[in-house]
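Order of listing sets the numbers, starting from 1, for every ligand and every atom in it. What you see is a predicted model, and the numbers here were worked out from it, not measured in a lab.
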Amino acid sequence: MTQHLLILGGTTEASALAKLVASRGLQATFSYAGRVANPKVQPLPTREGGFGGSDGLAQYIRDQNISHVIDATHPFAAQMSWNAFEACRATGVNLTALTRPAWQPVVGDRWQVVPDMAGAVTALRGPAKRVMLALGRLHMNEFALQPQHHYVLRLVDAPDVPPALPNHSVVVARGPFDVAGDTALFQKHNVDVVVCKNAGGTGAAAKIEAARALNLPVIMIDRPKLPERPEVATPDAVLDWVAAHPSTDRGV
Ligand code: NAP
């Protein structure tokens with residue numbers, strides 16, 4: 001069986017892996033969820049949209065003769081990671097995850113760690129503030145339960161439907177961001193508190209460094225539970241893993 005890698009993307013790290021894989025001339029397909037209007041163009045054949053759960057992904061793996069799946073999704077894309085885990089188990093295909101360690105607080109950080117999105121909403125009980133919500137489009141409306149605040153929403157695309165938050169500003173921008181830019185953004189919008197996910201990695205770290213520099217509190221949402229699968233930390237390590245795991249003969 002020939003090698004055909006499937007890269008589950010949507011992160012800075014996935015794009016770095018795609019670049020490396022393309023430069024080595026390996027056969028690979030890059031997959032996006034299809035949530036963003038104009039996703040970053042990849043140097044690999046690219047598909048967009050859900051597979052239809054773990055069964056749909058298993059079928060895709062069989063149909064496309066995928067030999068290796070690399071889960072390079074965001075650490076908060078837990079559903080996709082569980083689907084990949086189950087589909088690879090069902091098909092006997094090799095799976096690894098390209099992951100990044102969670103951020104750890106350092107001296108000067110003022111974090112309140114909460115377990116999930118609902119915890120972040122609850123942590124915002126109290127008087128009106130100006131809140132930077134660096135969470136993406138999907139979860140912003142959950143903060144309507146704390147309507148007293150002014151929310152600054154940083155989104156990849158302008159929202160099609162107005163956010164259900166009475167007071168808000170929308171900033172349309174795509175990462176990676178830098179500390180100077182995020183510091184200026186927080187100052188411009190008079191941000192009092194930052195809400196974000198513990199994404200880890202460098203692509204999204206600027207906001208916590210900016211918060212530290214401005215002595216702002218951060219409500220840090222902890223990572224969801226992910227399946228226990230092999231993990232590597234760099235695109236080069238993914239290629240080493242591919243080399244060490246010759247193609248699966250699934251007998252299909
Ligand atoms: P999720 O909740 O784990 O996934 C929901 C569904 O979206 C999955 O069941 C799957 O649909 C589809 N999907 C997700 N990633 C996909 C991919 N790479 N290719 C094809 N289908 C995919 O995911 P999410 O948190 O909404 O994230 C969606 C995408 O945005 C991911 O690619 C992720 O890497 C990226 N992203 C997420 C975050 C975040 O904070 N969650 C931040 C930055 C980037 P089916 O069940 O139909 O297959």
**Student:** Give the atom numbers and elements of ligand 1 that come within less than 4.0 Å of a heavy atom of Ser31.
**Tutor:**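 Ligand 1 atoms under the 4.0 Å threshold to Ser31: 17 (C), 18 (N), 19 (N), 20 (C).
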
**Student:** Work out whether the distance between some heavy atom of Ala78 and some atom of ligand 1 is less than 4.0 Å.
**Tutor:** yes

**Student:** Report the part of Leu138 (side chain from C-beta onward, or backbone N, CA, C, O) that has a heavy atom under 4.0 Å from ligand 1; answer both or neither where that applies.
**Tutor:**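 Looking at Leu138 and ligand 1, just side chain atoms fall under 4.0 Å.
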
**Student:** Quick one: are Leu6 and Ser31 in side-chain contact, heavy atoms under 4.5 Å?
**Tutor:** yes

**Student:** At a 4.0 Å cut-off, with the gap strictly under it, does some heavy atom of Gly9 reach an atom of ligand 1?
**Tutor:**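 In this structure, Gly9 qualifies as a contact of ligand 1 - some heavy atom is under 4.0 Å.
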
**Student:** Return a yes/no value for Phe51: is any of its N or O atoms, backbone included, closer than 3.5 angstrom to an N or O of ligand 1?
**Tutor:**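 Indeed, backbone or side chain, Phe51 has an N or O that close.
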
**Student:** Do ligand 1 and Met80 have nitrogen or oxygen atoms that lie under 3.5 Å from each other?
**Tutor:**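 N/O-N/O distance under 3.5 Å: yes.
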
**Student:** Find out whether Val93 and His68 are in side-chain contact, i.e. whether some heavy atom of one side chain is under 4.5 Å from a heavy atom of the other.
**Tutor:**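 No. Closest side-chain heavy atoms not under 4.5 Å.
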
**Student:** To check your reading of the model: name the closest protein heavy atom to atom 23 (O) of ligand 1, its residue, and the distance in Å.
**Tutor:** Ala77 CB, 3.5 Å

**Student:** Please confirm whether Ser81 comes within less than 3.5 Å of ligand 1 when only nitrogen or oxygen atoms on both sides are compared.
**Tutor:** no

**Student:** Parallel, tilted or perpendicular: which describes the rings of Tyr32 and Phe30, with under 30° parallel and over 60° perpendicular?
**Tutor:** perpendicular

**Student:** Measure from atom 24 (P) of ligand 1 to every heavy atom in Glu13, Arg47, Gln79, Arg35 and give the option owning the shortest one.
**Tutor:**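 Nearest option to atom 24 (P) of ligand 1, by heavy atoms: Arg35.
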
**Student:** State which residues pass side chain to side chain contact (heavy atoms under 4.5 Å, CB included) with Pro227; sequence neighbours excluded, sorted by chain then number.
**Tutor:** Ser81, Trp82, Phe85, Arg229

**Student:** Tell me if the CG atom of Asn190 is crowded by more than 12 foreign heavy atoms within 6.0 Å.
**Tutor:** yes

**Student:** Would Gly49 count as a contact residue for ligand 1, given that I'm defining contact as a non-hydrogen atom of the residue lying under 4.0 Å from a ligand atom?
**Tutor:**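 The answer is yes, since Gly49 has a heavy atom less than 4.0 Å from ligand 1.
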
**Student:** With the side chain counted from C-beta on, respond yes when Thr46 and Thr29 share a heavy-atom pair under 4.5 Å apart, and no when they do not.
**Tutor:** no

**Student:** Mark up the atoms of ligand 1 that fall under 4.0 Å of a heavy atom belonging to Gly53, in ascending order.
**Tutor:** 45 (P), 46 (O), 47 (O), 48 (O)

**Student:** Given the ring of Phe177, does Arg174 sit roughly above its face, with NZ or CZ under 6.0 Å from the centre of the six-membered ring and within 45° of the axis?
**Tutor:**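 No.
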
**Student:** Which option wins on minimum heavy-atom distance to atom 36 (N) of ligand 1: His74, His139, Glu48?
**Tutor:**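 The option holding the nearest heavy atom is His74.
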
**Student:** Can you tell me which residue and heavy atom of the protein come closest to atom 11 (O) of ligand 1, and the distance to 0.1 Å?
**Tutor:**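 It is Gly50 CA, 3.5 Å.
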
**Student:** Test of understanding: clusters of I, L, V, M, F, W, Y form through side-chain heavy atoms closer than 4.5 Å, transitively. Do Val152 and Met220 belong to the same one?
**Tutor:**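 The answer is yes; both residues are in one hydrophobic cluster.
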
**Student:** Backbone or side chain, does any N or O of Lys197 fall under 3.5 Å from an N or O of ligand 1?
**Tutor:** yes

**Student:** Which is it for Asn83 and ligand 1 at heavy atoms under 4.0 Å: side chain, backbone, both or neither?
**Tutor:** side chain

